[in-house]
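Just below is one structure, and these are the notes that go with it.
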Number of protein chains: 2
Amino acid sequence: MALKLSTRGEYGLRAMFDLAQRYGEGPISLKSVAERQDISEHYLEQLFASLRKAGLVRSVRGAQGGYTLAREPREIKVGEIIRVLEGPIAPMDCVSEEEGEGTCCARAETCVARTIWEKVRDSIAGVLDSITLEDMVEEAHKLQSKDKYMYYI
Amino acid sequence: MALKLSTRGEYGLRAMFDLAQRYGEGPISLKSVAERQDISEHYLEQLFASLRKAGLVRSVRGAQGGYTLAREPREIKVGEIIRVLEGPIAPMDCVSEEEGEGTCCARAETCVARTIWEKVRDSIAGVLDSITLEDMVEEAHKLQSKDKYMYYI
DNA sequence: ACAATACCCGAGTGAATTGCTAAGATATAA
DNA sequence: TTATATCTTAGCAATTCACTCGGGTATTGT
């Protein structure tokens, strides 16, 4: 499978979507997220450590504690979540979004391939940065009402 | 690094580009490709076994043998090469380009994420399928003449 | 005939990554 | 003070990656 994401991105996005669906309800415990999304709670804790350090979620410790989105769902792009959990988007080291772009292209012909990797990178980033958590919540509502509609035909 | 390609795709594309630059000159030995592209010859052999079985290159055995592109450079898309060497393009198992799409989406909300992975997949495929080996050879010529132009300023 | 060349094939392997689990420390509400 | 949560570090089995090793087979020039 080419250009695959790891479970960090997959689980992390699912969990953040879960928080977005409950935005405004106060802190949500990882235990409940883990149960709904069928993900290991301990593993989720690790992902949320990254998300918290990146400023995407806020934590409340102690009983009745949990996590909330640090911003409104429409202010959080899917691309941000993926970058925090998986690192900069880059099909190849030499076209990483990070500043220190590494040393490649000692050979001239490498650069021809490089322009391809740049296009791939930008098209991926374009998709992920065009979708917010709010978009996902809205989409989920649409899918639900569509199901209902189908049912009554 | 998110959504990274392995060296199979990287080396394979470089090697196929090398053959494209020498298209019409008869069989090119892997040894020469490996030297020019600075890739292990044995490793390249493995990649070309896949490329040959997929019908992208033809082999000529024995002394003075080597590999040639099975089609003209403009008839070979970068996406084909990547798929042969890395498998179907799929940021997630459940949105693979292959027929047997696997079992995901037992949960409804998964499908919201799924539409995102589908968009990512299609945007990647769109880029890779829009570029042929001929495009790369032309691009290499442009880069060369640009260098020359810069030099004489 | 016989080297030399080059493709063909399968097994193995060390290093890195992945996807967790285990064990505990710390903070807060009831 | 107890139950509930977040935090933190360490470890680990399984898989994947990027090759290497050791052959075999086909073809060409001498």
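Chain A is the first sequence line, chain B the second, and so forth, proteins listed ahead of strands; every chain is numbered from 1.
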Inset, instruction - Would you mind checking if B/Glu134 and B/Lys77 are paired as a salt bridge, meaning a charged N to carboxylate O distance below 4.0 Å? - result: no
Q. Does the side chain of B/Tyr11 get closer than 4.0 angstrom to OP1 or OP2 of D/dC19 through an N or O atom?
A. yes
- Message: When you measure from the side-chain N and O atoms of B/Arg8 to the phosphate of D/dA18, is any distance below 4.0 Å, counting only OP1 and OP2?
- Response: no
- So, is B/Ser59 near the phosphate of C/dC7, with a side-chain N or O under 4.0 Å from OP1 or OP2? no
From CG of B/Leu51 across to P of C/dC9 the rounded distance in Å is 14 Å
**Message:** I'd like to know if B/Gln46 reaches the base of D/dT20 with its side chain such that a donor and an acceptor end up less than 3.5 angstrom apart.
**Reply:** yes
Taking only side-chain N and O atoms of A/Tyr43, does any of them lie within less than 4.0 angstrom of OP1 or OP2 on C/dA22? no
- Report yes or no: is there a donor-acceptor pair, N or O only, under 3.5 Å between the side chain of A/Arg61 and the base of C/dT28? no
Sorted by position of nearest nucleotide on DNA chain D, 5' first, the leading residue of A/Phe48 and B/Val60 is A/Phe48
Of the listed C/dG19, C/dT5, C/dC7, the closest approach to the A/Thr7 side chain comes from C/dG19
Strictly by modelled atom types, are A/Glu75 and A/Thr132 linked by a side-chain donor-acceptor pair under 3.5 Å?
-> no
Ranking D/dT6, C/dT5, C/dT21 by distance to the side chain of A/His42, first place goes to C/dT21
Between the main-chain N or O of A/Ile89 and the side-chain N or O of A/Glu97, is there a donor-acceptor pair closer than 3.5 Å? yes
Checklist entry - Side chains of B/Tyr43 and B/Thr7: is there a donor and an acceptor less than 3.5 Å apart? => result yes
Rounded to whole Å, CG of B/Leu47 lies from P of D/dT20 at a distance of 12 Å
B/Leu85 atom CG is separated from D/dC19 atom C1', nearest whole Å, by 15 Å
*Distance below 4.0 Å between B/Arg52 side-chain N/O and C/dC8 OP1 or OP2*: yes
Between NZ of B/Lys31 and C1' of C/dC8 the distance, given in whole Å, is 17 Å
note: A/Lys4, atom NZ; D/dC17, atom P; distance rounded to Å ~ 9 Å
When you check the phosphate oxygens OP1 and OP2 of C/dG19, does a side-chain N or O of A/Ser6 lie under 4.0 Å from one of them?
yes
Regarding A/Ser50 and A/Arg8, do their side chains bring together a donor and an acceptor under 3.5 Å, going by distance alone? yes
Here the distance between atom P of C/dA27 and atom CD of A/Gln64, to the nearest Å, is 19 Å
Salt bridge or not for A/Asp135 and A/Arg74, using N-O below 4.0 Å?
no
Side chain of B/Glu45, base of C/dC7: donor and acceptor closer than 3.5 Å? no
Note: for B/Ser29 and A/Ser40 on DNA chain C, the residue whose nearest nucleotide lies more 5' is B/Ser29
note: A/Glu86, atom CD; C/dT17, atom P; distance rounded to Å ~ 14 Å
Rounded to whole Å, the CD-C1' distance (A/Glu35 to D/dA5) equals 14 Å
